[in-house]
Amino acid sequence: MLDRDALAQAFKDAAAAFGGIDVLEYSPVGTFGSTALTAPTETEPSQVEFEMNFQLYGAMAAAQAVLPAMREVGAGALLHTTGAGSITPDPRVANVNAAAALRNWAINLHNELAGTGIQAAHVGIDVSIGTSILPRLPTAQPEEISPVYWALHATHRDEAERVFRGVCRSGWRRCPRLGG
């Protein structure tokens, strides 16, 4: 994600090995042990710059690497993932909430590609996957979340976004519905 040339080469290699790329699922996640989560007043521009490079610019590079071939055949899917902060900002993770830029870009890409046979969409994941990284944040397992991606790819190709929200837990401040 940070080495965009290597990312583009990896997609070229994958397309050559597998005869093309039908679906791009872009969901970068950092290492929370090395990423300092910061509140808005504690966030330095360099921390947001890192997140923009990691999340938004990596997604743009990945899409640019696969989109020409998808346009050529008039089919494909570009699914971009962010965490809950792009849907409902959480001040505990203000620097990581820069993912909202990726959400906006993915929805704009969806609108631009409408009618081309290529699906572009955003998946917001409003839980921690596996183990909670923040107090009172619901968790889910990958197999609980994956149907959201399949639905966007297989049956809801006209939708620009789906959000996976966890099961309501005691003390959780947002008790949203499950699924999207």
Side-chain contact test, heavy atoms from C-beta onward, threshold under 4.5 Å: evaluate it for [X] versus [Y] and give yes or no.
X: V96; Y: L37; result: yes
X: V123; Y: V148; result: yes
X: R162; Y: H156; result: yes
X: R4; Y: N53; result: yes
X: L109; Y: L78; result: yes

Evaluate R71 against I118 for side-chain contact (heavy atoms from CB on, under 4.5 Å), listing each step before the verdict. CA-CA 7 Å; R71 285 185 189 269; I118 303 168; 3.8 Å; yes

Of all the heavy-atom pairs spanning [X] and [Y], show the shortest one and how long it is.
X: A62; Y: Y26; answer: CB-CD1, 4.0 Å
X: P91; Y: P40; answer: O-CD, 3.3 Å
X: A59; Y: H80; answer: CB-CD2, 3.8 Å
X: A106; Y: A121; answer: CB-O, 4.2 Å
X: A94; Y: T43; answer: CB-OG1, 3.8 Å
X: A63; Y: P68; answer: O-CD, 4.4 Å

Candidate pair E159 and L152, rule side-chain contact (heavy atoms from CB on, under 4.5 Å), full reasoning: CA-CA 7 Å; E159 293 182 24; L152 277 170; 3.9 Å; yes

Under 3.5 Å: donor-acceptor pair, side chain of [X], backbone of [Y]:
X: Q47; Y: E44; result: yes
X: S86; Y: T82; result: no
X: R157; Y: G117; result: yes
X: H110; Y: A120; result: yes

Could you tell me whether the side chains of [X] and [Y] share a donor-acceptor contact shorter than 3.5 Å?
X: T81; Y: E25; result: yes
X: N95; Y: T38; result: yes
X: D5; Y: Q9; result: no

Close aromatic pair by centroid cut-off 6.0 Å: H122 and W105: no

Hey, could you give me the [atom1]/[atom2] distance between [X] and [Y], rounded to the nearest 0.5 Å?
X: N97; Y: D90; atom1: CG; atom2: CG; result: 6.5 Å
X: W150; Y: T155; atom1: CH2; atom2: OG1; result: 9.0 Å
X: M60; Y: L56; atom1: CE; atom2: CG; result: 5.5 Å
X: L102; Y: E51; atom1: CG; atom2: CD; result: 11.0 Å
X: I21; Y: L67; atom1: CD1; atom2: CG; result: 11.5 Å
X: Y149; Y: S27; atom1: OH; atom2: OG; result: 5.0 Å

Trace of the side-chain contact (heavy atoms from CB on, under 4.5 Å) decision for I87 with D126: CA-CA 8 Å; I87 307 296; D126 200 8; 5.9 Å; no

Within one Ile-Leu-Val-Met-Phe-Trp-Tyr cluster: I125 and I107, side-chain cutoff 4.5 Å: no

Could you please spell out the steps behind the salt bridge (Lys or Arg N to Asp or Glu O under 4.0 Å) verdict for E144 and R165? CA-CA 10 Å; E144 296 174 276; R165 293 189 162 99; over 6 Å; no

